[in-house]
Amino acid sequence: MDSAPAPRELLEIAIDVARDAAATAYRMRAEGVSVAATKSTVTDVVTAADRAVERQITDALRRLRPADAVLGEEYGAAELGTEAPARVRWIVDPIDGTVNYLYGLPHCGVSIAAEVDGEVVAGVVRNIQTGEEWTASVGEGAWRDGRRLRCSTETDLGQALVVTGFGYDPARRAHQARVVAELITQVRDIRRLGAAAIDLCLVAEGRADAYYEKGLAAWDQAAGALVATEAGLLIGGLEGLTPGPDMVIAAPPALFGPLHDRLAALDASGGP
Ligand code: LIP
(Lines give C-alpha, C1' and ligand atoms only; values in the text may rest on other atoms or scores of the structure.)
Protein backbone atom coordinates (compact mmCIF):
# COMPACT_ATOMS: atom_id res chain seq x y z
CA MET A 1 0.00 0.00 0.00
CA ASP A 2 1.40 3.45 -0.99
CA SER A 3 2.44 5.63 1.94
CA ALA A 4 -0.09 8.38 2.67
CA PRO A 5 0.93 12.01 2.10
CA ALA A 6 1.77 14.11 5.16
CA PRO A 7 -1.16 16.11 6.61
CA ARG A 8 0.80 19.29 5.91
CA GLU A 9 1.05 18.41 2.19
CA LEU A 10 -2.70 17.74 1.99
CA LEU A 11 -3.39 21.00 3.84
CA GLU A 12 -1.38 23.02 1.32
CA ILE A 13 -3.47 21.53 -1.50
CA ALA A 14 -6.73 22.20 0.39
CA ILE A 15 -5.76 25.84 1.00
CA ASP A 16 -4.89 26.54 -2.65
CA VAL A 17 -8.06 24.87 -3.93
CA ALA A 18 -10.25 26.61 -1.30
CA ARG A 19 -8.83 30.06 -2.15
CA ASP A 20 -9.63 29.64 -5.85
CA ALA A 21 -13.07 28.26 -5.00
CA ALA A 22 -13.86 31.16 -2.66
CA ALA A 23 -12.81 33.64 -5.37
CA THR A 24 -15.23 32.00 -7.82
CA ALA A 25 -18.05 32.03 -5.26
CA TYR A 26 -17.33 35.70 -4.48
CA ARG A 27 -17.37 36.65 -8.19
CA MET A 28 -20.60 34.71 -8.86
CA ARG A 29 -22.25 36.41 -5.85
CA ALA A 30 -21.29 39.82 -7.21
CA GLU A 31 -22.73 38.85 -10.60
CA GLY A 32 -25.99 37.90 -8.86
CA VAL A 33 -27.19 34.51 -7.68
CA SER A 34 -30.62 32.94 -7.48
CA VAL A 35 -32.11 29.66 -6.34
CA ALA A 36 -31.32 26.94 -8.90
CA ALA A 37 -33.22 24.19 -7.08
CA THR A 38 -34.40 23.03 -3.68
CA LYS A 39 -33.39 19.80 -1.89
CA SER A 40 -34.90 18.30 1.30
CA THR A 41 -37.49 21.07 1.72
CA VAL A 42 -38.54 24.28 -0.10
CA THR A 43 -36.16 26.27 2.13
CA ASP A 44 -33.18 23.94 1.53
CA VAL A 45 -31.83 25.76 -1.50
CA VAL A 46 -28.94 25.27 -3.91
CA THR A 47 -27.59 27.94 -6.21
CA ALA A 48 -25.71 27.63 -9.48
CA ALA A 49 -22.65 28.75 -7.51
CA ASP A 50 -22.82 25.78 -5.10
CA ARG A 51 -22.67 23.45 -8.10
CA ALA A 52 -20.06 25.37 -10.11
CA VAL A 53 -17.76 25.74 -7.11
CA GLU A 54 -18.01 22.05 -6.21
CA ARG A 55 -17.20 21.06 -9.81
CA GLN A 56 -14.22 23.45 -9.74
CA ILE A 57 -12.95 21.91 -6.48
CA THR A 58 -13.40 18.32 -7.69
CA ASP A 59 -11.70 19.06 -11.03
CA ALA A 60 -8.75 20.65 -9.22
CA LEU A 61 -8.41 17.69 -6.86
CA ARG A 62 -8.64 15.27 -9.79
CA ARG A 63 -5.74 17.12 -11.44
CA LEU A 64 -3.63 17.33 -8.28
CA ARG A 65 -4.48 13.97 -6.66
CA PRO A 66 -5.98 11.68 -9.35
CA ALA A 67 -6.02 8.59 -7.12
CA ASP A 68 -8.12 10.09 -4.32
CA ALA A 69 -11.85 10.10 -3.59
CA VAL A 70 -14.23 13.01 -3.00
CA LEU A 71 -17.44 13.36 -1.02
CA GLY A 72 -19.22 16.61 -1.85
CA GLU A 73 -22.53 18.12 -0.71
CA GLU A 74 -23.95 18.63 -4.20
CA TYR A 75 -22.57 15.67 -6.21
CA GLY A 76 -22.02 13.09 -3.48
CA ALA A 77 -19.24 10.51 -3.48
CA ALA A 78 -16.81 9.98 -6.38
CA GLU A 79 -13.63 7.97 -6.85
CA LEU A 80 -11.34 10.29 -8.85
CA GLY A 81 -9.06 7.47 -9.96
CA THR A 82 -9.60 3.96 -11.26
CA GLU A 83 -7.10 2.22 -8.99
CA ALA A 84 -7.78 0.47 -5.67
CA PRO A 85 -10.08 2.18 -3.14
CA ALA A 86 -8.49 5.51 -2.31
CA ARG A 87 -6.66 6.03 1.00
CA VAL A 88 -7.31 9.76 0.80
CA ARG A 89 -10.83 11.18 0.64
CA TRP A 90 -11.67 14.86 0.33
CA ILE A 91 -14.85 16.04 2.14
CA VAL A 92 -16.17 19.16 0.43
CA ASP A 93 -18.84 21.75 1.17
CA PRO A 94 -18.53 24.23 -1.71
CA ILE A 95 -20.63 26.88 0.04
CA ASP A 96 -21.56 26.23 3.65
CA GLY A 97 -24.22 28.70 4.71
CA THR A 98 -25.95 28.77 1.31
CA VAL A 99 -28.93 30.77 2.61
CA ASN A 100 -26.55 33.41 3.98
CA TYR A 101 -24.75 33.40 0.60
CA LEU A 102 -28.07 33.86 -1.22
CA TYR A 103 -28.98 36.86 0.99
CA GLY A 104 -25.47 38.35 0.89
CA LEU A 105 -24.84 37.79 4.59
CA PRO A 106 -21.06 37.56 5.24
CA HIS A 107 -21.21 34.22 7.07
CA CYS A 108 -20.68 31.58 4.39
CA GLY A 109 -17.62 29.64 3.40
CA VAL A 110 -15.79 26.98 1.45
CA SER A 111 -14.95 23.94 3.58
CA ILE A 112 -12.46 21.26 2.48
CA ALA A 113 -11.17 18.44 4.68
CA ALA A 114 -8.70 15.66 3.81
CA GLU A 115 -9.27 12.25 5.37
CA VAL A 116 -6.65 9.47 5.36
CA ASP A 117 -7.82 5.94 6.10
CA GLY A 118 -11.01 7.36 7.62
CA GLU A 119 -9.35 10.00 9.87
CA VAL A 120 -9.59 13.72 9.06
CA VAL A 121 -5.97 14.96 9.12
CA ALA A 122 -6.20 18.38 7.45
CA GLY A 123 -8.86 21.02 6.93
CA VAL A 124 -9.49 24.56 5.73
CA VAL A 125 -12.54 26.81 6.05
CA ARG A 126 -12.48 30.08 4.09
CA ASN A 127 -15.11 32.80 4.51
CA ILE A 128 -16.19 33.78 0.99
CA GLN A 129 -17.05 37.39 1.86
CA THR A 130 -14.47 38.34 4.50
CA GLY A 131 -11.53 36.21 3.33
CA GLU A 132 -10.95 34.90 6.87
CA GLU A 133 -9.21 31.54 6.60
CA TRP A 134 -9.03 28.86 9.31
CA THR A 135 -6.68 25.92 8.89
CA ALA A 136 -5.60 22.87 10.84
CA SER A 137 -3.58 19.70 10.40
CA VAL A 138 -3.57 16.91 12.93
CA GLY A 139 -1.11 17.52 15.78
CA GLU A 140 0.00 20.85 14.25
CA GLY A 141 -2.56 23.18 15.74
CA ALA A 142 -5.30 25.42 14.40
CA TRP A 143 -4.55 28.74 12.75
CA ARG A 144 -6.25 31.80 11.36
CA ASP A 145 -4.25 34.06 9.13
CA GLY A 146 -0.98 33.01 10.79
CA ARG A 147 -2.22 33.21 14.41
CA ARG A 148 -2.42 30.01 16.49
CA LEU A 149 -5.89 29.56 17.89
CA ARG A 150 -6.92 28.70 21.43
CA CYS A 151 -10.52 28.13 22.48
CA SER A 152 -12.39 29.86 25.30
CA THR A 153 -11.36 29.29 28.93
CA GLU A 154 -14.92 29.82 30.20
CA THR A 155 -15.82 27.30 32.94
CA ASP A 156 -19.37 28.45 33.82
CA LEU A 157 -22.12 27.32 31.38
CA GLY A 158 -24.30 30.13 32.73
CA GLN A 159 -21.75 32.58 31.30
CA ALA A 160 -21.28 30.77 27.99
CA LEU A 161 -22.18 32.21 24.59
CA VAL A 162 -23.51 29.19 22.70
CA VAL A 163 -23.85 28.89 18.92
CA THR A 164 -26.36 26.50 17.33
CA GLY A 165 -28.41 25.96 14.17
CA PHE A 166 -31.68 24.65 12.80
CA GLY A 167 -32.47 22.13 10.09
CA TYR A 168 -34.65 22.77 7.05
CA ASP A 169 -37.55 20.50 8.13
CA PRO A 170 -40.27 22.46 10.01
CA ALA A 171 -40.93 19.58 12.45
CA ARG A 172 -37.24 19.34 13.29
CA ARG A 173 -37.03 23.11 13.70
CA ALA A 174 -39.93 22.99 16.15
CA HIS A 175 -38.06 20.44 18.29
CA GLN A 176 -34.79 22.40 18.04
CA ALA A 177 -36.63 25.61 18.98
CA ARG A 178 -38.05 23.93 22.11
CA VAL A 179 -34.51 22.95 23.12
CA VAL A 180 -33.27 26.51 22.55
CA ALA A 181 -36.24 27.95 24.48
CA GLU A 182 -35.07 26.03 27.55
CA LEU A 183 -31.31 26.32 27.07
CA ILE A 184 -31.38 30.10 26.50
CA THR A 185 -32.39 30.56 30.17
CA GLN A 186 -29.33 28.57 31.29
CA VAL A 187 -26.51 30.23 29.29
CA ARG A 188 -25.21 33.76 28.61
CA ASP A 189 -26.96 33.83 25.20
CA ILE A 190 -27.54 31.90 21.98
CA ARG A 191 -26.29 32.75 18.50
CA ARG A 192 -27.71 31.33 15.26
CA LEU A 193 -25.21 32.28 12.56
CA GLY A 194 -26.07 29.84 9.79
CA ALA A 195 -22.89 28.05 8.68
CA ALA A 196 -21.64 25.14 10.83
CA ALA A 197 -18.15 25.13 9.31
CA ILE A 198 -17.55 28.78 10.25
CA ASP A 199 -19.48 28.44 13.54
CA LEU A 200 -17.02 25.73 14.64
CA CYS A 201 -14.05 27.92 13.66
CA LEU A 202 -15.38 30.93 15.60
CA VAL A 203 -15.74 28.76 18.70
CA ALA A 204 -12.21 27.40 18.05
CA GLU A 205 -10.80 30.90 18.47
CA GLY A 206 -13.03 31.88 21.40
CA ARG A 207 -15.32 34.28 19.50
CA ALA A 208 -18.02 32.22 21.17
CA ASP A 209 -17.68 29.62 23.93
CA ALA A 210 -19.46 26.50 22.64
CA TYR A 211 -21.46 25.05 19.75
CA TYR A 212 -23.96 22.29 19.20
CA GLU A 213 -26.23 21.23 16.36
CA LYS A 214 -28.35 18.28 15.28
CA GLY A 215 -28.55 17.29 11.61
CA LEU A 216 -25.08 18.07 10.26
CA ALA A 217 -23.65 16.16 7.34
CA ALA A 218 -19.96 15.22 7.13
CA TRP A 219 -19.24 18.11 4.74
CA ASP A 220 -20.75 20.67 7.17
CA GLN A 221 -18.42 19.75 10.01
CA ALA A 222 -15.33 17.78 8.88
CA ALA A 223 -12.87 20.67 8.45
CA GLY A 224 -14.37 22.89 11.17
CA ALA A 225 -14.28 20.05 13.70
CA LEU A 226 -10.54 19.52 13.14
CA VAL A 227 -9.90 23.26 13.57
CA ALA A 228 -11.94 23.11 16.78
CA THR A 229 -10.13 20.04 18.13
CA GLU A 230 -6.69 21.45 17.34
CA ALA A 231 -7.68 24.64 19.22
CA GLY A 232 -8.42 22.64 22.38
CA LEU A 233 -12.16 21.97 22.13
CA LEU A 234 -13.71 18.62 22.87
CA ILE A 235 -15.96 17.38 20.06
CA GLY A 236 -18.53 14.67 20.57
CA GLY A 237 -22.13 13.48 20.29
CA LEU A 238 -24.53 12.63 23.10
CA GLU A 239 -24.05 9.65 25.41
CA GLY A 240 -20.54 8.90 24.13
CA LEU A 241 -21.55 8.73 20.48
CA THR A 242 -19.17 10.10 17.87
CA PRO A 243 -20.10 13.53 16.46
CA GLY A 244 -22.53 13.03 13.57
CA PRO A 245 -26.04 13.72 12.21
CA ASP A 246 -27.61 13.05 15.62
CA MET A 247 -25.53 15.64 17.39
CA VAL A 248 -22.31 17.58 17.25
CA ILE A 249 -21.17 19.32 20.46
CA ALA A 250 -17.97 21.40 20.54
CA ALA A 251 -16.94 22.91 23.86
CA PRO A 252 -13.90 23.57 26.03
CA PRO A 253 -13.16 20.65 28.43
CA ALA A 254 -14.75 22.49 31.40
CA LEU A 255 -18.00 23.19 29.54
CA PHE A 256 -18.41 19.98 27.51
CA GLY A 257 -19.90 17.90 30.37
CA PRO A 258 -22.39 20.55 31.63
CA LEU A 259 -23.55 21.40 28.09
CA HIS A 260 -23.78 17.71 27.16
CA ASP A 261 -25.90 16.97 30.21
CA ARG A 262 -28.28 19.90 29.55
CA LEU A 263 -28.71 18.84 25.92
CA ALA A 264 -29.28 15.21 26.94
CA ALA A 265 -31.86 16.30 29.51
CA LEU A 266 -33.59 18.38 26.80
CA ASP A 267 -33.53 15.42 24.35
CA ALA A 268 -31.66 17.64 21.88
CA SER A 269 -30.87 14.76 19.53
CA GLY A 270 -34.47 13.57 19.67
CA GLY A 271 -37.41 14.59 17.54
CA PRO A 272 -37.68 14.26 13.73
C1 LIP B 1 -26.10 24.74 6.77
C2 LIP B 1 -25.33 24.46 8.02
C3 LIP B 1 -25.96 25.19 9.22
C4 LIP B 1 -27.33 24.68 9.42
C5 LIP B 1 -28.13 24.94 8.19
C6 LIP B 1 -27.49 24.27 6.96
P7 LIP B 1 -25.76 24.44 4.17
O8 LIP B 1 -25.51 24.04 5.72
O9 LIP B 1 -24.04 24.92 7.86
O10 LIP B 1 -25.23 24.97 10.38
O11 LIP B 1 -27.90 25.30 10.54
O12 LIP B 1 -29.42 24.43 8.39
O13 LIP B 1 -27.50 22.88 7.11
O14 LIP B 1 -27.13 23.86 3.81
O15 LIP B 1 -25.76 25.91 4.02
O16 LIP B 1 -24.63 23.78 3.43
Side-chain angles (χ1 to χ4, degrees), residues 40-41 43-44 93 96-97 99-100 107 111 113 120 123 125 142 149-272:
S40 61
T41 71
T43 59
D44 183 3
D93 193 335
D96 189 39
V99 173
N100 286 344
H107 193 83
S111 175
V120 173
V125 176
L149 307 180
R150 294 267 181 260
C151 64
S152 155
T153 56
E154 182 57 64
T155 58
D156 175 4
L157 187 61
Q159 292 293 315
L161 185 62
V162 177
V163 180
T164 191
F166 303 96
Y168 290 110
D169 171 57
R172 174 172 291 177
R173 285 171 187 264
H175 183 85
Q176 291 170 315
R178 282 193 292 276
V179 171
V180 166
E182 287 297 321
L183 188 65
I184 202 165
T185 66
Q186 303 167 26
V187 297
R188 175 189 297 279
D189 205 343
I190 296 279
R191 291 290 180 271
R192 196 293 193 249
L193 302 172
I198 299 181
D199 297 349
L200 284 160
C201 293
L202 293 181
V203 177
E205 64 170 286
R207 287 158 79 180
D209 298 301
Y211 168 85
Y212 78 92
E213 186 161 357
K214 170 186 169 81
L216 297 182
W219 45 77
D220 293 316
Q221 53 118 344
L226 182 66
V227 171
T229 303
E230 287 292 324
L233 289 164
L234 295 183
I235 303 260
L238 284 178
E239 318 296 352
L241 292 175
T242 55
D246 281 345
M247 183 55 67
V248 172
I249 304 171
L255 288 182
F256 190 93
L259 179 57
H260 170 281
D261 297 351
R262 294 296 162 81
L263 292 172
L266 294 168
D267 187 27
S269 65

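Numbering starts at 1 and runs along the sequence shown.
Between I198 and D96, the closest side-chain pair of non-hydrogen atoms is not below 4.5 Å.
In terms of heavy-atom proximity, A196 sits nearest to E213 at CB-OE1, 4.4 Å. Taking both residues in full, the closest heavy atoms of P243 and I235 are given as CG-CG2, 3.6 Å, listed atom of the first, atom of the second, then distance. For A225 against L200, the heavy-atom pair with the smallest separation is N-CD1, 3.8 Å.
Checked against side-chain hydrogen bond (donor to acceptor under 3.5 Å, both in side chains), D209 has the following partners two or more places apart in sequence or in another chain: S152. Partners of E205 according to the salt bridge (charged side-chain N to carboxylate O under 4.0 Å, His left out) rule, which considers only residues two or more places apart in sequence or in another chain, are R144, R147, R207. With sequence neighbours excluded, the residues satisfying side-chain hydrogen bond (donor to acceptor under 3.5 Å, both in side chains) with Q159 are R188. By the side-chain contact (heavy atoms from CB on, under 4.5 Å) test, V180 pairs with T164, F166, I190, Y212, sequence neighbours left out. D156 is linked by a side-chain hydrogen bond (donor to acceptor under 3.5 Å, both in side chains) to nothing, counting only residues two or more places apart in sequence or in another chain. When the side-chain contact (heavy atoms from CB on, under 4.5 Å) test is applied to T153, no partner is found at least two apart in sequence or on another chain. Shown here are the side-chain hydrogen bond (donor to acceptor under 3.5 Å, both in side chains) partners of T41, two or more places apart in sequence or in another chain: T43. Annotation: side-chain contact (heavy atoms from CB on, under 4.5 Å) contacts of A223 (sequence neighbours excluded): S111, A113, V125. With sequence neighbours left out, D189 forms a side-chain contact (heavy atoms from CB on, under 4.5 Å) with L161, I184, R191.
Among residues at least two apart or in separate chains, there is no side chain to side chain donor-acceptor pair (under 3.5 Å) pair with a member in residues 214-225. Listed by first and then second residue, the side chain to side chain donor-acceptor pair (under 3.5 Å) pairs that reach into residues 175-185 come to none, sequence neighbours excluded.
In this structure, the side chain of R173 engages the main chain of G167 through a donor-acceptor pair within 3.5 Å.
The distance from atom SG of C151 to atom CG of L202, rounded to the nearest 0.5 Å, is 13.5 Å.
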Listing, residues 247-272 side-chain donor-acceptor contacts under 3.5 Å, not counting sequence neighbours, or none:
{"unit_1": "H260", "atom_1": "NE2", "unit_2": "E239", "atom_2": "N", "d": "2.8"}
{"unit_1": "R262", "atom_1": "NH1", "unit_2": "Q186", "atom_2": "OE1", "d": "3.1"}
{"unit_1": "D267", "atom_1": "OD1", "unit_2": "G270", "atom_2": "N", "d": "3.3"}

